[in-house]
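Step one of this worksheet: look at the structure below.
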Amino acid sequence: MTTVIETQVQYNNTYMMSTTEDYMTQEEDWDRDLLLDPAWEKQQRKTFTAWCNSHLRKAGTQIENIEEDFRNGLKLMLLLEVISGERLPKPDKGKMRFHKIANVNKALDYISSKGVKLVSIGAEEIVDGNLKMTLGMIWTIILRFAIQDISVEETSAKEGLLLWCQRKTAPYRNVNVQNFHISWKDGLALCALIHRHRPDLIDYSKLRKDDPIGNLNTAFEVAEKYLDIPKMLDAEDIVNTPKPDEKAIMTYVSCFYHAFAGAEQAETAANRICKVLAVNQENERLMEEYEKLASELLEWIRRTIPWLENRVAEQTMRAMQQKLEDFRDYRRIHKPPRVQEKCQLEINFNTLQTKLRLSNRPAFMPSEGKMVSDIANAWKGLEQVEKGYEEWLLTEIRRLERLDHLAEKFKQKCSLHESWTTGKEHLLSQKDYETASLMEIRALMRKHEAFESDLAAHQDRVEQIAAIAQELNELDYHDAASVNTRCQGICDQWDNLGTLTQKRRDALERVEKLWETIDQLYLEFAKRAAPFNNWMDGAMEDLQDMFIVHSIEEIQSLITAHDQYKATLPEADKERIAIMGIQNEITKIAQTYGIKLVGVNPYTVLSPQDITNKWEAVKQLVPHRDQMLQEEVARQQANERLRRSFAAQANIIGPWIQTKMEEIGHVSVDITGSLEEQMNNLKQYEQNIINYKSNIDKLEGDHQLIQEALVFDNKHTNYTMEHIRVGWEQLLTTIARTINEVENQILTRDAKGISQEQLNEFRASFNHFDRVSEMGLITVFNFQKRNGMMDPDDFRACLISMGYDLGEVEFARIMTLVDPNNTGVVTFQAFIDFMTRETAETDTAEQVMASFKILASDKSYITVEELRRELPPEQAEYCICRMTKYSGPDASPGALDYISFSSALYGESDL
């Protein structure tokens, strides 16, 4: 930056009539109010005189007395020629009054020709030396040629100059520019303007607010010495005047604006670069955030799938129920946040791509394996494994439940059988018949026949034990080895009993011919007591038999069977009385005939007391069985209530989810309202959906109670908890995606200046050619909605309907724009981007290069010092880290290549 800035004011000859007239309308009363203050008149006389001389000295002249030196019109015409750069008509050389009036009129006519409305100012007043009119004329010239063309951020003239001052002095302490009078009294605002553009001229940190005269004089002296801005004001006049003259302050401040006009161009270039770099930094941050979130989600899926693929069954029901509880925790606690992360990941990806398109950047391509489609495929694999894992858990629990029941039943039957076979081998191995009498031999024979009858009766139990053992093996019972060992022992013992029984019969038959007497009554007792005893054993076994049911119908079936059994008790009691009658008959005969009965019945081990005791035991087991059946009835009724409660809620929630999905689909394609109205409607739907979450949680609670009660079916509803979960997750994802689509449409509309009517026309055309597709992610839910995409044939028909003349080559080129990834479909967002591509106003690599070139003072490279001086620290360091060294023939130490850097920002090769 040079030591002295040459003040070279360039005036724009083009003039907008309405702007000047509007502004001048505000100045019509200057001569009636403002100049009545002598202090203001003094300030204006000095300021306007200095301003005129700053231009007249370029022509080698100046004025001393503003109201006297302009009277002949010659210097007035010269002043206008200097500041406009145009030639005025040749002045009259005479010294008569009419010559002077003619010259002043030529000057006034030229001012009027520039669209300036002169109010109450005539040539006669100027010629007569009217100070008030002369000052008003000079102020009109200053407004037209020094202030009117100032433009800052869509504001111009006085407002533009004020905004420029506010922007430049905003970072400085004790400076608050709100006007052109009292805001400048302490001199800090003027010093701040100089320091902002030339920090080497003033040490702002040493200035004090309580020294206004010192501050003002410092600014005046520095401006005159280094900036070629003449001193137009007196510090004492400004400080001692309650409200300094606004026109004098504006005139002086406008000189600073024109003096620093060159620096403004560099600042504009720096602002453009900052804007571009800020967009690039934000995009990089979003890319890094996407990569991080995608990596975490994929890593969680990678860790979770092996856990769900583990099908190693536990050996106990408690351990399997713990596995089921762990799976419930996964579904309730661990998975929902990941569902939200997956949805947020897709939203972030769509938003990033939209921002990249709007900022004219290349589309974002995630790292290999981290595309949205890759994450969707991984998620799909997770859900497939998850579904199989839950089915396996429930199957294993049913299997273990069945195994526990069979194992207990096996133990009970084995215990009964082993109890019955105890001592039987020893009994069959005795040779007591060798020393027995005839009666004893016959008794032994009958006893053996009774035993054979008993043995045949127990054949069914042995077969049942073998069948249960086989089923336990088929169901992979964990203690199958001990079951097989016990079953094999029983079978071996049974075979041995059969062999021993046959041997004893053969022996008894050989000696049977030797014996002739047999006690028929004992035999009849034994024959009738044995089957009755077996019946009672079977009855006790049935009454103590364990059962497992899953419905009220099944327990009712057991109750019916039990009632049928109880109906047979009177007949059994008659049989018992008959058997006991045989024993009574034996006793009666013995008493009658004086027979002494020694020992027990030789034909059976059963005594009348055994029959009586066992009968009493059977009668006691009947009410116990009644109680067990009634308790099971109560449990099944409770399970039925759980089924009905779950079904009642599910039959409401399922249709509700379906209705909301359809309503969201209608809102997303609705073109009757604005995008903001669609967004508000979608936000309301989203809030309603969030508020509905408590119903899902309550249904989850009921579902947990059902699973804890081991209820596996429900005939009252077609909805399962899995259906509801998937439908709910799909609803959350759909509302989030739809909101994101509308947000991206708003971004596109605002960025590209699309009106609501244009957007509605685009939507109507798109909807007309968009085909309806079926969504079948859940079998229970059947939704229909527009899929928001067109295939190439529909897109071609849409373009033709809108007046495009398409050949194959042109259409192929358009498809590369709207479908760069060759997915085979055109989204509504891509459709809007294409329709508005011609009107988009975005920064280009060439514009950024031009901005860097300004900062580099037209060099082909830029230095680190220039970047740090012109850019904010964060953007400067960003450029320094990414720019490569400049290797051209004019390179200097530390030179950086801003051309390749600008090209890289937009994904282009070096220009």
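Here the structure is a predicted model, which is why all the values come from computation and not from measurement. Reckoned from all heavy atoms, side chains included, excluding hydrogens, waters and symmetry mates.
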Inset, instruction - Answer yes or no: is there an ion pair linking Glu296 with Lys292, defined by an N-O contact shorter than 4.0 Å? - result: yes
Inset, instruction - Might you point out which heavy atoms bring Cys879 and Leu277 nearest each other, and give the distance in Å? - result: SG-CD1, 3.1 Å
Legend entry - N/O donor-acceptor pair under 3.5 Å between Asn691 side chain and Gln687 backbone: yes
Legend entry - Note, Val742 side chain near Asn681 side chain (heavy atom, < 4.5 Å): no
Legend entry - Enclosure of Glu299 CD (heavy-atom neighbours >12, cutoff 6.0 Å): yes
Inset, instruction - Work out which heavy atom in His334 is nearest to a heavy atom in Trp300; give both atom names and the distance. - result: O-CZ2, 4.1 Å
Inset, instruction - To the nearest 0.5 Å, tell me how far Asp374 CG sits from Leu298 CG. - result: 7.5 Å
Inset, instruction - Indicate the atoms forming the closest heavy-atom contact of Ile689 with Trp728, along with that distance. - result: O-CH2, 2.9 Å
Inset, instruction - I would like to know whether Gln353 and Leu356 meet side-chain contact (heavy atoms from CB on, under 4.5 Å); could you show each step before the answer? - result: CA-CA 5 Å; Gln353 297 294 41; Leu356 289 172; 3.5 Å; yes
Inset, instruction - Would you indicate whether the side-chain heavy atoms of Phe795 and Ile814 approach each other to under 4.5 Å? - result: yes
Legend entry - Heavy-atom side-chain proximity of Met287 to Leu352 below 4.5 angstrom: yes
Legend entry - Any Val826 side-chain heavy atom under 4.5 Å of Met815 side chain: yes
Inset, instruction - State, to 0.1 Å, how close Lys660 and Leu731 come at their nearest heavy-atom pair, and which atoms those are. - result: CB-CD1, 3.8 Å
Inset, instruction - Check for a donor-acceptor pair, side chain of Asp791 on one end and backbone N or O of Asp793 on the other, with a separation under 3.5 Å. - result: yes
Legend entry - Spatial distance of atom SG (Cys274) from atom CD (Glu874) [nearest 0.5 Å]: 9.5 Å
Legend entry - pair Lys355-Arg361: side-chain heavy atoms closer than 4.5 Å: no
Inset, instruction - Run the numbers on Asn283 and Val279 for side-chain contact (heavy atoms from CB on, under 4.5 Å), then give the verdict. - result: CA-CA 6 Å; Asn283 290 340; Val279 170; 3.6 Å; yes
Inset, instruction - Mark yes or no for whether Gln875, through its side chain, and Ile273, through its backbone, hold a donor-acceptor pair below 3.5 Å. - result: no
Inset, instruction - Nearest 0.5 Å please: distance from the SG atom of Cys343 over to the CG atom of Leu732. - result: 8.0 Å
Inset, instruction - Supply the atom-to-atom distance Glu386 CD to Arg331 CZ, rounded to the nearest 0.5 angstrom. - result: 4.0 Å
Inset, instruction - Return the set of residues passing ring-ring contact (aromatic ring centres under 6.0 Å, His included) with Tyr898 (not counting sequence neighbours), or none when no residue passes. - result: Phe852
Inset, instruction - For residues Thr304 and Arg338, determine if any side-chain heavy atom of one lies less than 4.5 Å from a side-chain heavy atom of the other. - result: no
Legend entry - Candidates Thr717, Leu699, Ile696 - the one meeting side-chain contact (heavy atoms from CB on, under 4.5 Å) with Gln649: Leu699
Inset, instruction - Give the minimum heavy-atom separation between Met883 and Ile862, together with the two atoms involved. - result: SD-CG2, 4.0 Å
Inset, instruction - Start with the C-alpha gap between Lys335 and Glu729, add the side-chain angles, then the distance that decides, and say whether side-chain contact (heavy atoms from CB on, under 4.5 Å) holds. - result: CA-CA 11 Å; Lys335 185 182 178 184; Glu729 292 171 2; 4.0 Å; yes
Inset, instruction - State, yes or no, whether a side-chain contact exists between Tyr878 and Pro872 at a heavy-atom distance under 4.5 Å. - result: no
Legend entry - Side-chain donor or acceptor of Ser892 paired with backbone N/O of Ala895 under 3.5 Å: no
Legend entry - Sidechain N-carboxylate O distance under 4.0 Å for Arg882, Glu284: yes
Legend entry - Minimum-distance pair of heavy atoms, taken over all atoms of Pro366 and Met371: CD-SD, 3.3 Å
Inset, instruction - Enter the distance from Lys370:NZ to Ile375:CD1 here, rounded to the nearest 0.5 Å. - result: 9.0 Å
Legend entry - Contacts of Arg868 that satisfy side chain to side chain contact (heavy atoms under 4.5 Å, CB included) - sequence neighbours left out: Val864, Ala876, Glu877, Ile880
Inset, instruction - Give a yes or no on whether a salt bridge exists between Glu289 and Arg285, defined as a side-chain N under 4.0 angstrom from a carboxylate O. - result: yes
Legend entry - Asn695 and Ile652: CA distance, side-chain angles, deciding distance, side-chain contact (heavy atoms from CB on, under 4.5 Å) verdict: CA-CA 10 Å; Asn695 297 315; Ile652 294 174; over 6 Å; no
Inset, instruction - To the nearest 0.5 Å, tell me how far His723 NE2 sits from Ile657 CD1. - result: 11.5 Å
Legend entry - salt_bridge(Glu676, Lys683) N-O dist < 4.0 Å: no
Legend entry - Set of residues satisfying side chain to side chain contact (heavy atoms under 4.5 Å, CB included) with respect to Pro820, sequence neighbours excluded: none
Inset, instruction - For Glu866 and Thr863, indicate whether the former's side chain and the latter's backbone hold a donor-acceptor pair under 3.5 Å. - result: yes
Inset, instruction - For Thr351 and Glu743, test the side chains for any donor-to-acceptor distance below 3.5 angstrom and give the result as yes or no. - result: no
Inset, instruction - Might you confirm whether atom NZ of Lys853 has over 12 heavy atoms from other residues, nucleotides or ligands at distances under 6.0 Å? - result: no
Inset, instruction - List in chain and number order the residues that pass side chain to side chain contact (heavy atoms under 4.5 Å, CB included) with Leu747, two or more places apart in sequence or in another chain; answer none if no residue qualifies. - result: Thr354, Leu358, Asn744
Legend entry - Residues Gln344 and Asn348: side-chain donor-acceptor under 3.5 angstrom: yes
Legend entry - N/O donor-acceptor pair under 3.5 Å between Asn350 side chain and Glu346 backbone: yes
Inset, instruction - With sequence neighbours excluded, give me every ring pair (Phe, Tyr, Trp, His ring centres under 6.0 Å) pair touching residues 855-877. - result: Tyr861-Tyr886
Legend entry - pair Ser900-Thr884: side-chain heavy atoms closer than 4.5 Å: yes
Legend entry - Phe364: ring-ring contact (aromatic ring centres under 6.0 Å, His included) partners, not counting sequence neighbours: Tyr290
Legend entry - Flag if over 12 foreign heavy atoms under 6.0 Å of CD, Glu383: yes
